Amino acid sequence: MEDQVRDQITIEDENGEVRDYSVEALFDMEDHSYALLTSNEDTLLMRVEEEEDEQYLVGITDPEERESILSAYEIAVEANPADD
């Protein structure tokens, strides 16, 4: 089995720390686009925003919104598993 090469992204947090993440998934839900990012230390769920033909990532601060989106994503993945 071959290792899949994932897109990489570098994010600077509010404390100025820079970390590299792999883009695990991009998906749309409730009129928004989201990115699921992983690193060795953690997993982030971020909303993809667009402004004047540019895209940027916004952190989701509402824990209920985050849980709702992750739950819906997990249900969708279970219903349509990716091919190995």
Side-chain angles (χ1 to χ4, degrees):
M1 184 166 97
E2 292 180 34
D3 287 336
Q4 287 185 330
V5 177
R6 302 217 183 259
D7 289 334
Q8 297 289 312
I9 189 168
T10 301
I11 295 178
E12 182 176 345
D13 67 15
E14 63 274 0
N15 299 322
E17 272 190 57
V18 176
R19 292 191 182 164
D20 292 323
Y21 290 87
S22 296
V23 179
E24 292 296 320
L26 294 170
F27 58 96
D28 294 327
M29 194 172 106
E30 297 179 2
D31 298 327
H32 293 287
S33 295
Y34 296 93
L36 185 63
L37 311 173
T38 59
S39 71
N40 291 336
E41 292 89 35
D42 58 358
T43 300
L44 298 177
L45 176 64
M46 302 189 86
R47 187 171 39 248
V48 179
E49 297 284 340
E50 290 189 43
E51 186 174 303
E52 298 180 11
D53 297 329
E54 290 190 29
Q55 290 184 330
Y56 57 95
L57 298 172
V58 176
I60 298 172
T61 56
D62 180 357
E64 288 183 19
E65 178 185 11
R66 177 182 162 82
E67 287 304 313
S68 172
I69 294 163
L70 286 175
S71 292
Y73 173 74
E74 288 173 11
I75 290 168
V77 168
E78 288 173 8
N80 297 301
D83 294 333
D84 288 331

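Everything quoted here is computed from the prediction, not taken from an experiment.
Here the CD1-CZ distance, from Ile69 to Arg47, works out to 7.0 Å after rounding to the nearest 0.5 Å. Rounding to the nearest 0.5 angstrom, the gap separating the CD1 atom in Ile11 from the CG atom in Leu37 is 5.0 Å. For the atom pair CG of Leu45 and CG of Leu36, the computed distance is 6.0 Å after rounding to the nearest 0.5 Å. For the atom pair Leu70 CG and Ile60 CD1, the distance stands at 7.5 Å (nearest 0.5 Å). A distance of 3.5 Å separates OG1 of Thr38 from CD of Glu24, quoted to the nearest 0.5 Å. In this structure, Asn40 CG and Tyr21 OH are separated by 10.5 Å, a value rounded to the nearest 0.5 Å.
With a 4.5 Å cut-off between side-chain heavy atoms of Ile, Leu, Val, Met, Phe, Trp and Tyr, the cluster of Val18 takes in none.
A side-chain donor-acceptor contact under 3.5 Å links Ser71 to the backbone of Glu67.
The environment of CG in Asn15 is crowded: more than 12 heavy-atom neighbours from other residues, nucleotides or ligands sit within 6.0 Å. Few gaps surround CD on Glu41; more than 12 heavy atoms of other groups in view lie less than 6.0 Å from it.
Minimum interatomic distance between Ser68 and Met29 (heavy atoms only, all atoms of both residues): O-CE, 4.1 Å. The minimum heavy-atom distance linking Arg66 with Leu44 is given by the pair NH1-C, 4.3 Å.
With contacts defined as side-chain heavy-atom distances shorter than 4.5 Å, the pair Leu57/Val48 qualifies. Residues Asp7 and Leu26 have side chains not in contact (no heavy-atom distance under 4.5 Å, counting atoms from C-beta outward).
Every residue two or more places apart in sequence or in another chain that forms a ring-ring contact (aromatic ring centres under 6.0 Å, His included) with Tyr73 is listed here: Phe27.
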